[in-house]
Amino acid sequence: MSDFATYLSVYLDYLDVEKGLAKNSLASYATDLRRFGKWLDDKSIDIDSVRRLQIVHHIQSLRTAGISARSVARALAAIRGFFRFLVAERHLQHDPTENLDNPKLWSTLPKSLHADEVDALLEAPDRTTPEGLRDSAMLELLYATGLRVSELIRVKVEDLVLDAGFLRTFGKGSKERIVPLGDRARDTITAYIENGRSHFDRRNDVHLFLTNRGRPMTRQTFWMKIIKYARLAGIKTHISPHVLRHSFATHLLENGADLRSVQLMLGHSDISTTQIYTHVSRARLQKIYDQFHPRA
């Protein structure tokens with residue numbers, strides 16, 4: 001990997017002396033390219049054998065690591081400029097970034113949890129207390145249905161059809177949809193209704209999930225709760241109610257669900273919105289392949 005270090009030094013001098021790049025921009029380019037060089041080193045890839053797909057994998061690894069879309073776009077620009085320079089100066093014969101688009105999906109791939117992280121999160125509340133029963137029911141319902149948090153807090157007791165295993169919800173544009181429930185979510189909700197909800201229902205409110213003051217749960221309060229339980233579960237990555245919605249969709253597709261069914265359950269009006277989850281699944285499959293296949 002000494003060639004990479006040499007080429008990088010030459011390129012940074014070029015940007016500094018010939019292009020007069022600002023110091024902060026030069027430092028950012030250097031950081032991005034050194035990180036790319038380390039990634040190549042870890043993969044035992046020489047600079048003159050880099051291919052387009054390997055750059056795509058590197059960019060995907062940045063997104064997986066939680067690096068912002070803007071920073072990823074800057075890293076790709078740095079890598080593209082680096083290879084163009086090397087080809088122009090005849091250090092390399094081939095530019096692997098040629099015809100490499102900047103796909104919007106790279107900047108919009110939603111985050112999701114692994115199945116074991118979801119299990120730990122759902123087991124975090126203390127179900128021996130009314131608060132724990134309520135919070136468990138909210139988390140289970142969110143993951144079981146993929147509801148938006150705005151839809152979750154608006155669920156009414158009358159919206160549940162537990163015997164048949166589904167609920168009715170109203171999404172964007174007040175569009176009604178029917179979403180199935182799993183046995184785990186149904187049992188947890190039943191336990192909350194029978195043993196916990198009366199503790200909060202001081203105003204005879206119609207909403208399923210109530211606060212200690214007897215009012216409907218708010219987005220902000222539930223957001224703080226999910227962060228609290230994520231910490232208890234030992235989850236280090238960023239989490240929000242929407243991450244569970246993403247996890248719901250991703251896990252369904254990874255286990256063989258068809259895209260149209262997932263679209264209906266999520267309440268997407270356009271299937272192209274749902275298609276992003278197929279890219280998440282492919283990225284995860286590629287990561288598994290790279291990790292475990294002997295000739296990856």
Side-chain angles (χ1 to χ4, degrees), residues 60 63-64 103-123 136-190 192-193 207-209 219 222 226 235 237 239-289:
Q60 289 174 338
R63 292 297 290 138
T64 302
K104 293 181 180 180
L105 287 174
W106 288 359
S107 62
T108 56
L109 286 179
K111 298 178 182 178
S112 64
L113 300 176
H114 293 286
D116 56 348
E117 291 177 316
V118 172
D119 289 341
L121 178 66
L122 297 183
E123 293 299 323
S136 291
M138 295 190 75
L139 292 172
E140 289 276 5
L141 184 59
L142 192 61
Y143 178 62
T145 60
L147 293 179
R148 301 176 179 91
V149 65
S150 58
E151 297 166 347
L152 178 73
I153 62 176
R154 290 201 306 264
V155 172
K156 300 176 182 178
V157 176
E158 65 182 19
D159 294 333
L160 295 166
V161 186
L162 293 178
D163 290 343
F166 68 85
L167 67 80
R168 180 182 62 172
T169 188
F170 296 89
K172 292 182 178 180
S174 298
K175 293 181 180 178
E176 180 181 355
R177 73 181 188 276
I178 304 298
V179 185
L181 291 173
D183 290 342
R184 291 283 295 275
R186 182 178 60 186
D187 292 346
T188 306
I189 292 169
T190 299
Y192 161 64
I193 292 175
H207 290 88
L208 178 60
F209 299 115
R219 295 166 56 103
F222 182 63
I226 201 170
I235 298 171
T237 57
I239 191 168
S240 69
H242 223 59
V243 169
L244 271 184
R245 175 172 163 88
H246 296 323
S247 302
F248 161 83
T250 302
H251 296 169
L252 278 175
L253 289 169
E254 287 180 345
N255 286 284
D258 66 275
L259 197 63
R260 174 60 176 164
S261 297
V262 176
Q263 176 195 2
L264 292 174
M265 285 184 277
L266 289 174
H268 289 160
S269 58
D270 190 336
I271 200 168
S272 64
T273 307
T274 318
Q275 284 175 331
I276 189 173
Y277 293 103
T278 64
H279 293 269
V280 175
S281 299
R282 289 170 190 165
R284 182 167 292 176
L285 287 174
Q286 182 66 56
K287 183 178 180 180
I288 293 172
Y289 179 87

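What you see is a predicted model, and the numbers here were worked out from it, not measured in a lab.
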Given the rule in the side-chain contact (heavy atoms from CB on, under 4.5 Å) test, do Leu147 and Val155 qualify, once you have shown the distances and angles that lead to the verdict? CA-CA 10 Å; Leu147 293 179; Val155 172; 4.0 Å; yes

Given side-chain contact (heavy atoms from CB on, under 4.5 Å), test Thr145 with Glu151 step by step and report yes or no. CA-CA 11 Å; Thr145 60; Glu151 297 166 347; over 6 Å; no

For the pair Ser247 and Glu117, evaluate side-chain contact (heavy atoms from CB on, under 4.5 Å) and give the outcome as yes or no after the intermediate values. CA-CA 10 Å; Ser247 302; Glu117 291 177 316; over 6 Å; no

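Between the OG1 atom in Thr188 and the CG atom in Leu141 there is a gap of 10.0 Å [rounded to 0.5 Å]. With rounding to the nearest 0.5 angstrom, the CG atom of Leu252 is 8.0 Å from the CG atom of Leu266. Rounding to the nearest 0.5 Å places NZ of Lys156 at 8.0 Å from CZ of Arg168. For the atom pair Met138 CE and Leu152 CG, the distance stands at 4.0 Å (nearest 0.5 Å).
For the pair Phe222 and Leu139, the tightest heavy-atom approach, listed with the atom from each and the gap, is CZ-CD2, 3.9 Å. When all heavy atoms of Val149 and Pro241 are compared, the closest pair comes out as CB-CB, 3.7 Å.
No donor-acceptor pair under 3.5 Å is formed between the side chain of Arg154 and the backbone N or O of Thr169. A donor-acceptor pair is defined here as one N or O able to donate and one able to accept, closer than 3.5 Å; no such pair exists between the side chain of Arg148 and the backbone of His242. A donor-acceptor distance shorter than 3.5 angstrom exists from the side chain of Tyr192 to the backbone of Leu208, with no hydrogens or angles considered. Of the possible polar contacts, none joining the Thr274 side chain to the Leu259 backbone as a donor-acceptor pair under 3.5 Å is found. Arg245 places a side-chain N or O within 3.5 Å of a backbone atom of Gly146 that can act as its donor or acceptor partner.
Shown here is Asp258, whose CG atom has more than 12 heavy atoms of other residues, nucleotides or ligands within 6.0 Å.
Comment: Arg184 engages Glu123 in a salt bridge, judged by a side-chain N to carboxylate O separation of less than 4.0 angstrom.
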